[in-house]
Amino acid sequence: MKYRQYISYSLLVTSGIFLLCTVFATDNSLANGLVTGKVHWFHLAMLFLAVCSLVAAVLTRPAKLFAFSVADGMVLALAAIVAFTYNRGLDPEPEKMLFGGQLVLLWFLLRFLFAGWPQLRLAFLTGIVVTGLVEAVSGMRQLHGLEGSNHSLFRLTGDFYNPGPYSGYLAMVLPVCLWMILQFADCKKEGGRPIKSCLYYLAWITLLAIVVVLPAGMSRAAWIAAVVSCVWVYWIQRIGWEKAKQYINKHRTLSILSSVLILISIAGALAGVYLLKKDSANGRLLLWKVTGQAIMEQPWTGTGLGGFPAAYAEAQAAYFSSGNASETKRMVAGCPEYGFNEFLQIGLEQGFVGLMVFVLLLGYSLFRGVKNKQAGAAGGILALMVFSLGSYPLQLPEFWVVLVVLIGVIESSSVAIDTPPPLSPAGRKILSVTVIGGMAICCGWLFRQQKGYYQGYKKWNTLKMLYNSKAYEAAADGYEELVPLMGHKPELLFEAAQCLSKTGQFADANRLLERAMLLSGDPMIHYMAAKNEQSQGNYQKAENLLLHAIEILPERIYPYYLLTKLYAEEAFFQEDKFIKAADAVLKKEPKVESTAIREMRTEVKNMLKNIRNNRN
């Protein structure tokens with residue numbers, strides 16, 4: 001029996017490590033391999049975890065079966081809302097739907113495992129700490145030039161594309177490290193506890209490594225998340241409300257002065273954080289304001305998963321067209337793929353009901369974390385919540401994996417009870433094998449569905465090489481074959497349309513761009529579509545596309561340059577509009593001076609000279 005238990009625990013721990021290694025997964029053979037590599041690794045890890053769980057359930061009998069809880073109901077409710085609001089006609093995010101299905105399976109699989117094999121909770125938390133240590137060491141190596149980063153503009157990225165999410169991941173691991181240090185601080189006094197001593201020193205090493213590398217990431221959201229979550233963990237573990245009340249009652253004057261000083265310090269720190277990257281902060285404020293307006297357009301149903309980019313672009317166009325935007329807001333405006341505030345993005349995509357369920361799930365998890373003495377896991381969730389207010393962690397698979405593990409640890413830390421009516425040991429084993437076996441079959445089905453996309457990303461990566469080499473004719477056929485499978489990716493549609501446009505297939509190119517406009521708010525799609533319409537002689541359509549693109553981002557010079565060329569067409573020549581567009585090209589201040597801007601202005605000046613010469 002002990003031999004079987006040893007095999008079961010070994011399999012479960014190994015598969016858990018395999019799952020948490022999602023953060024390291026990168027596949028350079030895939031398009032956007034830093035993200036897609038992690039997604040495909042996660043699907044493979046889920047299949048491995050399910051199979052190992054099934055083997056463990058066959059070899060040994062779980063100690064207890066988990067009882068259905070409030071958190072389980074909220075997970076199912078959130079999944080139902082996502083499925084109900086999803087736009088199946090457009091089908092903007094089929095891969096995220098598959099990923100979400102795996103997350104639901106992961107949740108209930110972990111509920112079975114943590115209840116049946118409770119030692120796994122600490123093993124998974126240790127695994128999260130180890131991933132943080134590896135990422136911190138990787139960041140140090142990048143800062144010292146011993147390892148290359150994943151972005152040409154940043155030295156520090158870890159296994160991410162830029163320092164933002166990298167810093168957020170470290171901030172999420174940090175409170176788990178602090179909890180482990182506080183939890184096992186007395187390990188030296190306890191004889192014969194080498195495992196706790198190892199965990200204690202591992203947590204210290206990881207915490208110090210993260211503290212050293214985190215400031216270099218220059219992520220304000222991550223700094224705030226790290227401080228808030230660590231203070232909260234220390235408060236829960238060492239102080240608590242009772243001690244705080246006693247201290248306040250004994251030292252009222254000192255407590256008031258301390259509170260005032262703390263508030264002033266917080267206000268000063270927030271002001272410093274704002275001034276550190278003022279333009280970036282103003283851009284975020286505009287982004288959140290426009291997202292809020294977009295939410296009010298359909299507050300209950302939302303746009304559905306994947307509907308943020310296009311809905312945001314339309315809301316921003318309406319905002320700038322209203323004339324209420326200041327010059328500063330027009331200058332800092334962008335057209336992002338993400339909301340840089342996960343709660344606002346969820347509110348836009350899933351509506352108020354979906355947002356409420358998600359917030360309740362996180363809030364309930366924090367409450368249960370305190371009650372079940374899992375302040376470390378709760379601190380990790382709190383760090384992610386704070387970081388989510390100013391970034392986009394939930395658009396990356398590794399954050400979802402860690403979040404589900406942390407909530408699972410918290411929810412399964414209460415005393416598990418047997419399912420009523422009480423089952424015999426044999427009945428409990430049969431039920432476990434049946435349920436886990438069913439989940440393993442579902443994991444296998446989802447893995448098989450995702451496998452087709454894996455091949456699609458490999459082919460897309462090959463086509464990108466031809467595309468970047470400007471071998472448009474050679475790439476066009478490959479893109480055309482890939483569109484039915486990967487037509488939910490606006491980047492691929494744009495590249496395919498570019499190939500068709502370069503080979504003179506303007507109408508076919510615009511059919512792809514019309515779908516891309518429904519999936520993305522990138523004004524470059526409008527620019528290309530306008531040029532294609534102009535090439536076909538559809539000048540009015542081209543003008544409408546460019547004017548709408550200007551409404552989305554009014555301070556871009558390129559659409560005015562395209563308008564100037566459009567109005568210069570002999571069949572569509574309109575002198576007043578031409579002069580107005582040319583004036584915008586010559587006088588508007590670009591965000592960054594570049595050779596392209598200078599070339600456009602030179603060409604427009606020559607066009608003005610030609611028109612004046614012809615008039616004379």
Side-chain angles (χ1 to χ4, degrees), residues 313-314 316-335 472 494 497-498 500-514 516-517 520-616:
E314 293 304 314
Q316 183 163 284
Y319 176 62
F320 286 139
S321 298
S322 69
N324 297 325
S326 65
E327 189 63 28
T328 300
K329 290 180 178 178
R330 293 163 71 93
M331 285 296 297
V332 300
C335 216
Y472 299 118
F494 183 86
Q498 180 82 314
L500 293 172
S501 179
K502 292 294 183 180
T503 55
Q505 303 175 65
F506 304 114
D508 291 336
N510 271 14
R511 276 195 288 271
L512 297 180
L513 293 176
E514 286 172 5
M517 289 177 199
S520 172
D522 188 350
M524 280 299 297
I525 299 171
H526 293 75
Y527 304 158
M528 184 193 291
K531 289 193 289 184
N532 291 338
E533 294 293 353
Q534 182 177 345
S535 298
Q536 298 175 83
N538 300 325
Y539 302 120
Q540 190 59 57
K541 286 185 178 180
E543 182 187 27
N544 293 339
L545 285 165
L546 290 173
L547 291 176
H548 186 59
I550 289 172
E551 288 177 343
I552 298 173
L553 289 177
E555 296 305 311
R556 292 279 177 91
I557 293 177
Y558 187 57
Y560 291 101
Y561 165 74
L562 294 179
L563 274 176
T564 305
K565 296 184 71 175
L566 176 64
Y567 294 138
E569 289 275 359
E570 185 176 350
F572 197 64
F573 180 71
Q574 302 174 58
E575 186 174 353
D576 55 339
K577 290 184 177 181
F578 171 82
I579 293 174
K580 186 177 179 180
D583 191 57
V585 174
L586 297 176
K587 293 183 178 179
K588 276 190 174 291
E589 289 293 329
K591 282 188 176 182
V592 180
E593 284 286 352
S594 65
T595 303
I597 297 292
R598 289 190 290 270
E599 289 176 351
M600 282 190 286
R601 286 177 170 171
T602 301
E603 186 177 349
V604 168
K605 287 177 182 178
N606 292 333
M607 292 167 68
L608 282 169
K609 287 179 183 179
N610 292 335
I611 288 176
R612 286 167 184 162
N613 291 336
N614 293 333
R615 185 191 304 166
N616 296 331

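None of these values were measured; they are calculated from a predicted model.
In this structure, the separation between OH on Y527 and CG on L513 is 14.0 Å, given to the nearest 0.5 Å. A distance of 11.5 Å separates CG in N510 from CD1 in I525, rounded to the nearest 0.5 Å. Expressed to the nearest 0.5 Å, how far CD of E551 lies from CG of L547 amounts to 7.0 Å. Atom CD1 in I597 sits 11.5 Å away from atom NZ in K588 (nearest 0.5 Å).
At least one donor-acceptor pair under 3.5 Å links the side chain of S321 to the backbone N or O of A317. Between the side chain of D583 and the backbone N or O of I579 there is no donor-acceptor pair closer than 3.5 Å. Between the R601 side chain and the V585 main chain, a donor and an acceptor come within less than 3.5 Å of each other. At distances below 3.5 Å, not a single donor-acceptor pair connects side-chain atoms of S520 with backbone N or O atoms of M517. Proximity of a side-chain donor or acceptor of E543 to a complementary backbone N or O of Y567 within less than 3.5 Å is not detected.
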Taking distance alone, no hydrogens or angles, what donor-acceptor pairs closer than 3.5 Å link side-chain atoms of residues 558-566 to residues at least two apart or in another chain?
unit_1	atom_1	unit_2	atom_2	d
Y558	OH	K531	NZ	3.2
Y560	OH	P554	O	3.3
Y561	OH	E603	OE1	2.6
Y561	OH	E603	OE2	3.3
T564	OG1	Y560	O	2.7
T564	OG1	A582	N	3.4

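There is a side-chain donor-acceptor pair under 3.5 Å between N544 and Q540.
The minimum heavy-atom distance between C335 and I552, with the atom names listed, is SG-CG2, 3.6 Å. Closest approach of A568 and M607 over heavy atoms only: CB-CE, 3.5 Å. Annotation for Q316 and A333: closest pair NE2-CB, 4.1 Å, computed over non-hydrogen atoms.
Annotation: ring pair (Phe, Tyr, Trp, His ring centres under 6.0 Å) contacts involving residues 529-551, sequence neighbours excluded, comprise H526-H548, Y539-F572.
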side-chain contact (heavy atoms from CB on, under 4.5 Å) evaluation trace for M528 with M524: CA-CA 6 Å; M528 184 193 291; M524 280 299 297; over 6 Å; no
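Not a single side chain to side chain donor-acceptor pair (under 3.5 Å) links S594 to another residue, sequence neighbours left out.
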